[in-house]
Amino acid sequence: QVQLVESGGGLVQAGGSLRLSCAASRLTFTRYAMAWFRQAPGKEREFVAAITLTGGRLYYPDSVKGRFTISRDNARNMVYLQMNSLKPEDTAVYYCAAEAPYSDYTTSDSVRSWGQGTQVTVSS
């Protein structure tokens, strides 16, 4: 069974930075696009970032473009989310996701496996 384990969440002041990590195991990592989603209390889970199999293409919604950067290390089965200029509205549980390749990465319908999530809280 695929395992995705997130780490790096925490409490940070507005304007600060955090780097989330996701360790993947029990899967052929290079056969999956990887993504991050987030879910705030009372809201639906939303797409945050995605990266293709070899890292050649990156996808972001407008809400995080220019502030967040997704990357992957295929040698280590790791995916990262660097989050800069954090805002209180970025507060959410952040989930790592393994996605079907060549799909619509912005929708959870493409997700084949989820991590357990890590809490990010941005104070004003």
request  = List the atom of E6, the atom of G117, and the distance in Å for their closest heavy-atom pair.
outcome  = OE1-N, 3.0 Å
inquiry  = With a 3.5 Å distance limit and no angle check, can you tell me whether Q39 reaches the backbone of K43 through a side-chain donor-acceptor pair?
reply    = yes
note = Tightest non-hydrogen contact, residues G9 and L20, listed as N-CD2, 3.6 Å
ask   = Of all heavy-atom pairs between N77 and L27, which one has the smallest distance, and what is that distance?
value = ND2-O, 4.3 Å
ask   = What residues, two or more places apart in sequence or in another chain, satisfy salt bridge (Lys or Arg N to Asp or Glu O under 4.0 Å) together with D104?
value = none
query = Which residues satisfy the salt bridge (Lys or Arg N to Asp or Glu O under 4.0 Å) test with R38, sequence neighbours excluded?
reply = E46, D90
key: Of all pairs that satisfy salt bridge (Lys or Arg N to Asp or Glu O under 4.0 Å), the ones with a partner from residues 52-63, not counting sequence neighbours   = D62-K65
query = How about E89 and T91: does a side-chain donor come under 3.5 Å of a side-chain acceptor?
reply = no
ask   = Is it the case that one hydrophobic cluster holds both W36 and V2, taking links as side-chain heavy atoms less than 4.5 Å apart, direct or via other members?
value = yes
message = Show the nearest heavy-atom pair for residues R72 and Y32, with the distance to one decimal.
response = NH1-O, 2.9 Å
query = Is there a path of hydrophobic side-chain contacts, each under 4.5 Å between heavy atoms of I, L, V, M, F, W or Y residues, that connects V12 with V48?
reply = yes
task = Go through the steps to decide whether Y80 and T69 satisfy the test side-chain contact (heavy atoms from CB on, under 4.5 Å), and finish with yes or no.
result = CA-CA 8 Å; Y80 306 98; T69 303; over 6 Å; no
key: Sequence neighbours excluded, every pair satisfying disulfide (SG to SG under 2.5 Å) that has a member inside residues 49-103   = C22-C96
Pairing residues for F37 by the ring-ring contact (aromatic ring centres under 6.0 Å, His included) criterion, not counting sequence neighbours = F47, W114
V120 vs M83, side-chain contact (heavy atoms from CB on, under 4.5 Å): CA-CA, chis, key distance, verdict = CA-CA 10 Å; V120 171; M83 305 186 294; 3.9 Å; yes
ask   = Does Y94 share a hydrophobic cluster with L58, counting links as ILVMFWY side-chain heavy atoms below 4.5 Å and allowing steps through other members?
value = yes
task = Mind jotting down which residue pairs meet the side chain to side chain donor-acceptor pair (under 3.5 Å) criterion with at least one end in residues 10-22? Sequence neighbours excluded, please.
result = S17-N84
note = D109 meets the salt bridge (Lys or Arg N to Asp or Glu O under 4.0 Å) criterion, sequence neighbours left out, with none
ask   = With ILVMFWY side chains joined below 4.5 Å, transitively, what does Y102's cluster contain besides itself?
value = L53
inquiry  = Under 4.5 Å between side-chain heavy atoms, counting indirect links through other Ile/Leu/Val/Met/Phe/Trp/Tyr residues: same cluster for F29 and V111 or not?
reply    = no
key: Sequence-distant partners of K87, salt bridge (Lys or Arg N to Asp or Glu O under 4.0 Å), two or more places apart   = none
inquiry  = Restricting to ring-ring contact (aromatic ring centres under 6.0 Å, His included), what partner residues turn up for Y59, sequence neighbours left out?
reply    = Y105
key: Nearest non-hydrogen partners of G115 and Y95, listed with the distance   = O-CD2, 3.6 Å
inquiry  = Considering only residues two or more places apart or on different chains, which pairs with a residue in residues 49-81 satisfy disulfide (SG to SG under 2.5 Å)?
reply    = none
request  = Kindly write out the residues that satisfy ring-ring contact (aromatic ring centres under 6.0 Å, His included) with F68, not counting sequence neighbours, or none if the list is empty.
outcome  = none
ask   = Within 45° of the six-membered ring axis of Y60 and under 6.0 Å from that ring's centre, is NZ or CZ of R67 located there?
value = no
ask   = Just how far is it from atom CE of M34 to atom CG of L81, taken to the nearest 0.5 Å?
value = 11.5 Å
Heavy-atom closest contact (A33 atom, A100 atom, distance) = CB-O, 4.4 Å
